[in-house]
Each structure stands twice: as C-alpha cells, then as structure tokens.
Asker: 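Have a look at the structure that comes next, please.
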Amino acid sequence: MTLTRHEGVLCHCCDCAVAVAVPVSAPTGRKLAALQSRRRLRQQLLLALVALFLFGFNTVTAEGEDEDGPYRGKYLGKLNSYHHQVSGDVYAVNEYTFLIVGFNYDGNGADTFFWSGASNRPGPQGFIVPDEYGKTNILDRYHNKDFTLTLPDRKKMTEIKWLAVYDLNNQNNFGDVYIPEEFEPPRTQVGGTFSKRNHNVSSSTIEILDSKTIRIKDFTYDGRGKRTFFWTGVGAQPSSRGSKIPDERGYLDPIRTYNKETIVLELPGDKTIFDIDWISIYDVADNENYGHVLIPDGLNVPPSLVKITPYEFSLPNCRQLHKDLQVSWEVFGPQITFQLSGQVAKTDYMSFGISGSDTASQMIGADVVVAYIDDIRGYTVDYNITSLAPCVQVLGQNKGVCRDDVVGGLDSFQLNTYARKDGINTISFRRTLKSSDDGDKEIFLDRSNYVVWAFGQLDSNNEPAFHTYYPKSDIIIDFNTTEPVNDCFSFTKRAETPVQIWERARITDATVRTFNAYLGPSGGLRGYQGITGHVSSGLAWYINGYMIPELYLKRGLTYTFKVRGGNNPHSPEHYHPLVITDDPQGGYDRLSDAKQSEIRVLAGVEFTRRGRPKPTAAGPLCLSRYPDHYDRRLDDNFPTFKKFNRSLINICSDEPPALLEITPNITWPDTVYYNSFTHGNMGWKIHIVDSYTKLRNAGHSLVTAWLTTLTALLMVLAL
C-alpha cells in the first residue's frame, strides 16, 4: 500500500503555489522507533533551550535589578524557603556584613535565630548571627523588611558556607542561602593618585570606600584658582560637562587650600561610583583641569548605606546651596515665591536672603528670612542683620540679628506651606519684589542678585543662634531666567557619628583665689556646644586660659574675677559684663521682666531706683581671636582645645580689668553660673562646696574605685 503526502511547491514561473503529489513510503517498526527517539531528543533539547532562556532571563532580571535600582552589593541569591514563609534576597555588603532585602518570616518557630557555619549544609554545628539590632534574641515576625546582619567576632564571609534561618530546638532549617566557593566579598578598593597639572594639586592613592564614598589621602591644592571645585563626570578626560561634588563638610563653594590633608568626599544625591569616570579639581571660570584621577570600571566595592531622600519641590527653579539645603523659586507678577528645603534637626532654622552688599555676599546689612517649624506650626520671620551678634539694645536701639518688627520695620514674608518629613523641613513663602519697608532689600529681575544663607540651631527663645553652616564665597542667583534652572539633587544622610568633644576643664585648686576672665571663640561642635549641650553665641568666656572651665569655690572664702569682656556699650558684639546667677543660659539683660524675676542674681548686677539692672563688672576687651583669613568652620579639625588655643591670637587692652569680688555663703546654691550680662550661652558652672577636703576625698575615692576595678579585671584575665 502506498500513501501520498501533498506538499506545497513554489512555482517560479507563475504567482501561485502548486500542490504536487509526492509518494512517501510508510515507516517500518525500526524506523518508527528511531523517529520517535529523534522526536523525544528534539523535545528535550527544546525544553533545555527554554530552561536556559528562562535562566538567562532570570539572571538578566536579577542583574538588571541591581543596575536599574540602587546598588546593594554583591548578590548572593534568594533565600531558599523551606518552612514558615521564609523569603528574601541576600547581598554581601562587605566581608563581614549581609544585606537582606524584603525579608519575611512568620515568627512561629520555637527557638529560631539567624544561623551560620562552615559545614556543607545548615545543621547544629554553627553559631548565632546577631539580628539587625546586634541582639541574639529569638526571632520575631518579619514582613518585607530590609536590614543588615554582621557576623560576630569579626568572622568573615569567606570563612562560612551558608546563612540560614534555623530553629535550634528541633534542629530544623527554615530557609538558607549558600556562599559560593572562592567568593570575593566587596571591599575597599585602591585607586590612582591625582595627576599633578597645576596649582600644586597632588595626593597619595585614593581609596574607594563604598559606592558613594572616596577617601583622598595627603591631598594638596594651593587654593588660588578662580572658581575651583571637586568635579566629576563621564568621558575619557575631565571637561566642563560635569558636576560638583560637595566638599568634605557638604559645601558647594569653591574649595579652600589643602596641605597634605586626608579628606572624605561623598558623591551627591543618588550618584554612585559606577556613574562616573573621573574626579577632577576643576576651575569652571577658566574651564581648566588642575589635576584628576580616573575611576576604574567594575569595582567590587561595598554599597553605600546612606539614606537617600529625593528632593521635592513644586516651583520651576531650584538651586542647591549646600548638601543639606536648597532653595527653589518662581516669579509671578510683582511677587516671588520661595521654598526652602533643608535636612535639619527639629530645633534648627534655615535662613536665606539678599546680601547686605551689591558686589558680594555679605551678612552685615543683609535682609533675610528665618524659617523653622516647632511642634505646632511653621514660621517665616523677617530679619535685618546689623552685626554678627544676637539682637541686643545699644543706647536704646536694637542691634545685631534682629526681627524687622523689633527695629521698626515690617515682616514682609507670607507663609504658604510647611512640612517636616523624613528629617527634611520644607517651608514655602512669598514676598513682593520691592517691599514698602525701607529695611527690606529689593529683589532685582534685570540683573543677578548676591544672596546669603545659613542654617543652625535656635536658642531657647526661638531666635537664631550663631550659625553652624554658612558660605564663605559669593553666591549669585538670577531670579528671572528665561529657562528654568535646576542643579538640585537628593538629600543624603549617613548614620551620625558622635562628636568627640574637647576635654572638660576643671579648676579645683584650693589656693587659686583669682580668675582672669576674657573672651574667645566658642570652638564649634567640640567646644562650648559639645561641652554644655547649649547653642553657642559664637564667643565664650576663657578663665585662666581654659574655655568655660568648671570652677570649685568654697563657701566663706573671697574670690576675685579680673574681667576683660569689653566695656563699650556701643558694641553689640564685644560688650560683655560678667554676672553670676542661678540661670545656666545667661544674657540677663535680654530677658523680659517676668523672666528676670525668676532668676537669682548673685554678683555682677546692681539695680537702679527704678528697678532696672545695671552691670558692675564691665572691663576692657581682651579677645583671643582667629588669625586673619582663618575659616572658623574648621574648628572641629582640632583634636584638642590645647591645639585650638595655640592657633589663636590674643588682642588685649592695656586698661586695668574690672574687678568682681564674691564671697559665697550658706545661702548660695550648690551650683551657680558665670555668664555674660548681654548675651546668652557664654559661660558655665561654678560649684559651691563646703570643704575642699571632701572634694579631694571624692577624687581619691574615685581613683581607688577605678584601680580596684582594674585590678579585678587583670585577675580575671590571668585566670
């Protein structure tokens, strides 16, 4: 029997396909078996290709997640889920730390921990890995949570084979992930050095600490460029088509002079080391590269664990003033709307305004807004700056950083909206371009405007204290651009490292009966602010060569303060009679009558017949000041007060000091405070004691207790 099969055969001589009968023989049993075998082989190959395709797709997807989303480190894989709904993605952050993303566990295990070991598979031979809080408690329920786990006792990822969610009670593995053989965890990578091209730019090898952080050792630059920045971009060589990197303190100003300093830079916003090809010391005024270093490709570095918060603004123009502060604006008719956004503390203010000079950014004479949010609402307050000091009365007139309504002006700012979210204050407000208040500066649209900004802490009266952050260079903004301008980037925040404050000074010598009191700078976060926990006014009392030492005085003995804090009442900055009260803040003269009535004045003030306070210890000015051209924002670079003090220059009047004699008696509290009559937060504690012997015995007891404890520890170690 013959079977026929019709196949379509193309006819080249016409436009049709002609069906032609082709004779086909029926397969025999042997041929049929071979045919079926080939079909099965083709199906297996097809399935293998599909599986390979799906595997490749999943691999690309997993890699694509890293490429499209934030870099999280080296991907180890998904947790294999066996029980209790364990799931999540696991990354290696560095050789000690895992990052687990989207972790789930129902919390129903009896004795369950994060567990790791070096055996071939999870089992009883292993060790507990502390949870995200560093605790070794039984695990609770987790729902889609991201966190890091650090191996205990400095164990390394290369020393283990797996990480598991393991129940010790019944030795049951709920989920695990394995460490590949010859795995290389992310670690700090060493790069090149800055090329030496101009302005003495040089460095040792750079270290790429993580995906956003670069440490530059022995960095040198002479500071003589016109508008020179840390600059980054893509391409074979540095060019003007780049962007700024904030300096080591977050500023976007032209960079200062460096002399073999080690600095750490953080790439701005969501930019990572994988987005750039080079870092340059670049002058944008002359489009000149003073020196650069290339960034290698494919770096196996840890991910940055900084928190990135996208900036949000509804106005078309935005200018990044500092890593933690930005201003946006829009002009509509005769008015301009501003929005200040800052990554600041709850008790911080943000300030922005028009410079006091038409040719430079200058605080003196500036017209600014001070914006902040308390527990109830937001505020935008109009301020006029006549001196770099808190607002004080000078011969009946208010001088310093004063609210417009205090100096006879108007508050020209109208609050629109305010919000605090994710540690960022956002406050919008508006004002007219040309105010009817003579104290307000006009905002020009036909030319650029010099502006000033600052942010720092509010004092106890919600007034701006001496600002922590402020620019040292000219800031110019054109508020009337034809096209919107925007150089803003996302806010970033690292885990805060506690500031190491300078040593606390104490004068406990019973033979010291005379104290020389003069003025000096308050020394940044390590100085007055760190020691007392109070905001600073910029100056502090120096006693016998120490910044705000704690004094120990005995009741019944007489002590003399030789006061050199300034005796010119016309000076809002340098008029500081010494007073002693039971109030830790000081600034008695600035307080309301009601507040003054709550404070006990112990020395330094007498009252007129009308009950007005009058200082009695206003001596000539003796001031330890910064050298010329010094940047006080670098105060915290000094490791000790002793080194900081050596950098200062003493300028003292030849006039004799004012004398303030005190004899503490039984009515005095155990703790009182020396301070300035005019400004708050300049002094510190005086301890009133009944006996120096008790003080010495207390110190001897403390030393004895310390030695006893140390001896016990040494004995334990010797066992």
Asker: List in chain and number order the residues that pass ring pair (Phe, Tyr, Trp, His ring centres under 6.0 Å) with Phe147, two or more places apart in sequence or in another chain; answer none if no residue qualifies.
Answerer: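 Ring pair (Phe, Tyr, Trp, His ring centres under 6.0 Å) list for Phe147, sorted by chain: Phe103, Phe114, Tyr142.
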Asker: Using the salt bridge (Lys or Arg N to Asp or Glu O under 4.0 Å) criterion, which residues pair with Asp375? Sequence neighbours excluded.
Answerer: none
Asker: Would you call the rings of Phe455 and Tyr469 parallel, tilted or perpendicular, where under 30° means parallel and over 60° means perpendicular?
Answerer: parallel
Asker: Taking side chain as C-beta onward, heavy atoms only, is Leu151 less than 4.5 Å from Val129?
Answerer: yes
Asker: Would you say Glu184 has more than 12 foreign heavy atoms packed within less than 6.0 Å of its CD?
Answerer: no
Asker: Checking Phe338 now: which residues fulfil ring pair (Phe, Tyr, Trp, His ring centres under 6.0 Å) with it, not counting sequence neighbours?
Answerer: Phe352, Phe429, Phe479
Asker: Checking Val381 now: which residues fulfil side chain to side chain contact (heavy atoms under 4.5 Å, CB included) with it, not counting sequence neighbours?
Answerer: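 Checked Val381 against side chain to side chain contact (heavy atoms under 4.5 Å, CB included); matches are Tyr372, Tyr379, Tyr383, Arg403, Asp411.
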Asker: Between Thr228 and Tyr221, is there a side-chain donor-acceptor contact under 3.5 Å, judged purely by atom types and distance?
Answerer: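 Side chains of Tyr221 and Thr228: pair found under 3.5 Å.
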Asker: Over 60° means perpendicular and under 30° means parallel, so tell me whether Tyr626 and Tyr630 are parallel, tilted or perpendicular.
Answerer: parallel
Asker: Going by the angle between their ring planes, with limits at 30° and 60°, are Phe219 and Phe230 parallel, tilted or perpendicular?
Answerer: tilted
Asker: Is any NZ, NE, NH1 or NH2 atom of the basic residue among Asp153 and Lys156 found under 4.0 Å from an Asp or Glu carboxylate oxygen of the other?
Answerer: no
Asker: Determine whether Val401 and Pro464 make a side-chain contact, defined as any pair of heavy atoms from C-beta on separated by less than 4.5 Å.
Answerer: yes
Asker: Tell me, which pairs form a salt bridge (charged side-chain N to carboxylate O under 4.0 Å, His left out) where one or both residues lie in residues 270-299, sequence neighbours left out?
Answerer: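 Listed by first then second residue: Lys226-Asp286.
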Asker: Excluding sequence neighbours, so at least two apart, what forms salt bridge (Lys or Arg N to Asp or Glu O under 4.0 Å) with Lys346?
Answerer: none
Asker: Please collect all ring pair (Phe, Tyr, Trp, His ring centres under 6.0 Å) contacts where either partner lies in residues 289-308, sequence neighbours excluded, each pair once.
Answerer: His199-Tyr290
Asker: Does Lys78 use its side chain to pair, donor to acceptor, with the backbone of Asp89 at less than 3.5 Å?
Answerer: no
Asker: Are Trp502 and Phe644 near enough that their ring centres are under 6.0 Å apart?
Answerer: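 Yes, close enough.
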Asker: Could you tell me if the side chain of Pro246 sits less than 4.5 Å from the side chain of Phe489, heavy atoms only?
Answerer: yes
Asker: Quick check: do Pro185 and Thr158 have side-chain heavy atoms less than 4.5 Å from each other?
Answerer: yes
Asker: On the ring face of Tyr258, is Arg256 found with NZ or CZ under 6.0 Å from the centre and within 45° of the axis?
Answerer: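 Satisfied, under 6.0 Å and within 45°.
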Asker: Do Asn300 and Pro186 have side chains that approach each other closer than 4.5 Å (heavy atoms only, starting at C-beta)?
Answerer: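 Result yes, sub-4.5 Å side-chain heavy-atom pair found.
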Asker: Whether the side chain of Arg526 engages the backbone of Val499 through a donor-acceptor N/O pair (distance < 3.5 Å, no angle test) should be reported.
Answerer: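 No; zero donor-acceptor contacts below 3.5 Å.
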Asker: Please list, chain by chain and in numerical order, all residues satisfying ring pair (Phe, Tyr, Trp, His ring centres under 6.0 Å) with Tyr282, sequence neighbours excluded.
Answerer: Trp231
Asker: I need the full list of salt bridge (charged side-chain N to carboxylate O under 4.0 Å, His left out) pairs touching residues 186-209, with sequence neighbours left out, sorted by first then second residue.
Answerer: Glu95-Arg187, Glu207-Arg215, Glu207-Lys217
Asker: Below 4.5 Å, heavy atoms only, C-beta onward: do Arg319 and Ile475 meet side chain to side chain?
Answerer: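 Side-chain contact under 4.5 Å: yes.
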Asker: Is the NZ or CZ atom of Lys244 positioned over Phe229's six-membered ring, under 6.0 angstrom from the centre and within 45° of the axis?
Answerer: yes
Asker: For Arg377, I'd like to know if atom CZ has over 12 heavy atoms of other residues, nucleotides or ligands within 6.0 Å.
Answerer: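 Atom CZ in Arg377 is packed in, count exceeds 12.
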Asker: Which residues pass the salt bridge (Lys or Arg N to Asp or Glu O under 4.0 Å) test with Asp253, not counting sequence neighbours?
Answerer: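 Salt bridge (Lys or Arg N to Asp or Glu O under 4.0 Å) list for Asp253, sorted by chain: Arg633.
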Asker: With no hydrogens and no angle check, is any side-chain donor or acceptor of Thr150 less than 3.5 Å from a backbone partner on Tyr96?
Answerer: no
Asker: Asn104: which residues meet the side chain to side chain contact (heavy atoms under 4.5 Å, CB included) condition with it, sequence neighbours left out?
Answerer: Ser87, His143, Asn144
Asker: Please check: side-chain N/O of Ser355 versus main-chain N/O of Gln362, any donor-acceptor pairing under 3.5 Å?
Answerer: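 Checking the backbone N and O of Gln362 against the side chain of Ser355, a donor-acceptor pair under 3.5 Å is found.
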Asker: Please examine the side chains of Ser351 and Trp453, heavy atoms only from C-beta on, and report whether any two atoms are closer than 4.5 Å.
Answerer: no
Asker: Output all residues satisfying salt bridge (Lys or Arg N to Asp or Glu O under 4.0 Å) with Glu132, sequence neighbours left out; order by chain, then residue number.
Answerer: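 Scan of Glu132 (salt bridge (Lys or Arg N to Asp or Glu O under 4.0 Å), adjacent residues dropped) gives Lys145.
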Asker: Do Val451 and Ile354 come within less than 4.5 Å of each other through their side chains, counting heavy atoms only?
Answerer: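 In contact.
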Asker: Near Gln500 CD, under 6.0 Å, is it more than 12 heavy atoms from other residues, nucleotides or ligands?
Answerer: no
